[in-house]
Amino acid sequence: MKIKNKFYIETMGCQMNKLDSDLVIAQLSDDGFDRIENPDDAGVIIFNTCSVRQHAEDKVLTKVNQFKKRYQQHRDVIIAIIGCMAQRMGQQLLDENPQVAVVCGPGQLHELSDLIQNAVASLEDEHQKLAPQSEGRRKKKANPQRIVSLNNPEQQELMEQLDSTRTHRDFDHPFMAYVRVMKGCNNFCHYCIVPYVRGREYYRPIENIVDECKRLADDGIKEIILLGQAVNSYKYIEKGKTLNLADVIERVNEIDSVQRIRFVTSYPRDFDYRIFEMMAAMPKVCSYLHMPAQTGSGKMLKAMNRHYTIGRYDEIIEKAREIVPDIAIAGDFIAGYCGETEQDQQQTLDLIKRVRYKNIFAFFYSPRPGTKAYDKFEDNVPMEIKKRRLKEILDLQNEIAAEYNQNFIGKTVEVLVEGPSKKTKQNETADSNHIQLTGRTQGDHIVVFDGTKEMIGTLKNIKIEKTTSLTLFG
Ligand code: SF4
C-alpha cells in the first residue's frame with residue numbers, strides 16, 4: 001500500500017510556530033508532498049503544537065486521538081507532532097500514542113522531512129510484510145534524546161540553513177512573511193516554558209536576515225514581520241560593531257519592494273528609541289508595538305521574574321506616543337498568577353486604562369511543568385477568581401477598543417489588501433469580480449471593504465465608515 005503523499009498541517013500557538021509551519025510547508029513541498037486542507041485525505045498529518053497552556057496541549061491530544069481508529073484499522077497515516085509540546089514531552093508522546101510516528105522539536109525541524117519519509121517507508125514496508133526497516137532507516141527515526149539539544153552551534157547552523165534557504169509558500173498570507181531574527185529566550189519568566197523548549201537566545205547574522213527578506217520580496221512578499229520571543233534583545237556583532245533591532249529594520253527598509261516592516265514581540269527592557277524615530281520617519285515601518293505587560297502590579301512583576309518595573313513600562317509607552325502619536329499598542333496579560341490579590345488585579349486594570357491598548361491577548365494563569373512557578377509556587381488563585389479577573393480584563397479592553405476604533409470613522413487608512421473576506425469566501429461565485437475584501441492597517445487593524453480582485457496584494461487607501469471593537473469597515 002502506498003501512503004498518500006498529501007499532508008495536512010495544523011498550527012497552534014504563537015507566530016514563531018506559524019513561521020516554523022511555513023518552513024515545514026516549504027520543506028515538504030520541495031520534497032514532493034502536496035499540502036491539502038482535509039486531514040481525512042492526507043497520508044501525513046502534522047500538529048505544530050504550543051506548550052504555553054495546559055489547555056493547548058490537551059487540545060492536541062484530543063485531535064491526535066481522533067486519528068487512532070483510522071491508524072489502527074488502515075495503517076494509512078503518519079502523525080507527526082512538532083513544536084514546543086514535542087520538545088517538552090518527547091518520548092512520552094510516542095509511548096502513550098501508538099498512532100504517533102514522529103516527534104520533532106523546534107531544534108530538529110530541518111530533519112522533519114527525512115523523519116516523515118522514513119516513517120512513510122517504514123509503514124509501507126509493514127504493509128508489504130517486508131523485513132523490519134533497514135539499519136539506515138532506523139537511525140533516522142525521531143530520537144527524542146536529540147530533541148533537547150537546542151543550544152549547540154552545530155544545531156543552530158542547521159536551523160539557520162532551514163531559515164535561510166526557504167522558499168515562500170504561505171497560502172494563508174501570500175503577501176506577508178515572518179522572518180526570524182533570533183531564536184530562544186534568556187528571560188526565564190517564572191511561568192514560561194519557552195526558554196526550556198526553545199533554548200537560549202541565538203541571534204541570526206544580519207546579512208542572512210536581510211538576504212531572506214530580499215528573496216521573499218522578490219517572491220511577492222509586501223510585508224515583513226521580524227520575529228523574536230524578545231525581538232528587541234537582538235544583537236549581532238558585525239565588523240566590531242554591535243548591531244541591534246533598529247539596525248535590522250534600517251537595512252530591511254532599504255529593500256525597495258518591501259512595503260511594510262513590523263516586529264514582534266518586544267520585551268519592556270533595553271528598548272532602543274531609534275526604532276520609534278524610524279516609525280515616525282520611514283513610511284514602511286509600521287506604527288505598531290506589541291509589548292506584553294502581563295500585569296500592572298510591581299509585586300507581581302517580581303513574582304513573575306520580569307526584569308523591569310511598571311514605571312519603566314509606562315516610560316517606554318510614553319516615549320512611543322511622544323515620537324509616534326498614532327502608534328497602535330498591543331499587550332499580553334495573565335490573570336490570576338500565583339499570589340495575585342484584588343489590589344494587583346486593580347493595578348492591572350489601571351494599566352490597561354492608562355495605556356489604552358489597540359488590542360490585548362489575555363489568558364488565566366496555567367501552571368506548566370518544568371517552570372519555576374510550577375515547581376516552587378502555589379497556584380493559589382481559585383479557578384472561578386481567575387476566570388472572573390480574566391473577564392474583567394477582557395471586558396475593559398473591549399470597551400476601550402470599541403471607543404478607540406470609533407476614532408477611525410471618517411478617516412482614511414492605508415490597507416494592505418490580503419484577500420477575500422470570510423463572507424466572500426463562503427459565498428463566492430467563480431466569476432464574481434466585485435467582492436468584499438479584507439486587509440490590515442499599519443496598526444494591525446482588520447479592515448473589511450468592497451473592492452475588486454485586482455486590489456489583492458496592493459496598498460489601498462480606504463475610508464472608514466463604521467467600526468466594532470474588532471473590525472473597521474470601509
Ligand atoms: S520573555 Fe518571558 S514570557 Fe516571553 S518567551 Fe521569554 S521567558 Fe517566556
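A quick note: this is a predicted structure, and the numbers were derived from the prediction, not measured. Every number for a ligand or one of its atoms is a count from 1 in the order of the listing.
- When only non-hydrogen protein atoms are considered, atom 8 (Fe) of ligand 1 lies nearest to C192 SG, 2.3 Å.
- Atom 3 (S) of ligand 1 has its closest protein heavy atom at Y191 OH, 3.4 Å.
- The protein heavy atom nearest to atom 2 (Fe) of ligand 1 is C189 SG, 2.3 Å.
- Relative orientation of the Y313 and Y357 rings is tilted, given thresholds of 30° and 60° on the angle between their planes.
- Between the side chains of E10 and N48, no donor-acceptor pair of N or O atoms lies under 3.5 Å.
- Panel note: side chain N232, backbone Y267; a donor-acceptor pair is recorded below 3.5 Å.
- Taking 4.0 Å as the cut-off between side-chain N and carboxylate O, R389 and E342 count as a salt-bridged pair.
- The shortest side-chain heavy-atom distance between T348 and D344 does not fall under the 4.5 Å cut-off.
- For the pair R306 and ligand 1, a heavy-atom separation below 4.0 Å is found.
- Aromatic ring centres of H55 and F364: separated by at least 6.0 Å.
- In terms of protein heavy-atom proximity, atom 6 (Fe) of ligand 1 is nearest to C185 SG, 2.2 Å.
- Each of the following atoms of ligand 1 lies closer than 4.0 Å to a heavy atom of Y267: 1 (S).
- Atoms of ligand 1 lying under 4.0 Å from at least one heavy atom of P195, given by number and element, are 7 (S).
- Short contacts between ligand 1 and F188, defined as distances under 4.0 Å to a heavy atom of the residue, involve ligand atoms 7 (S).
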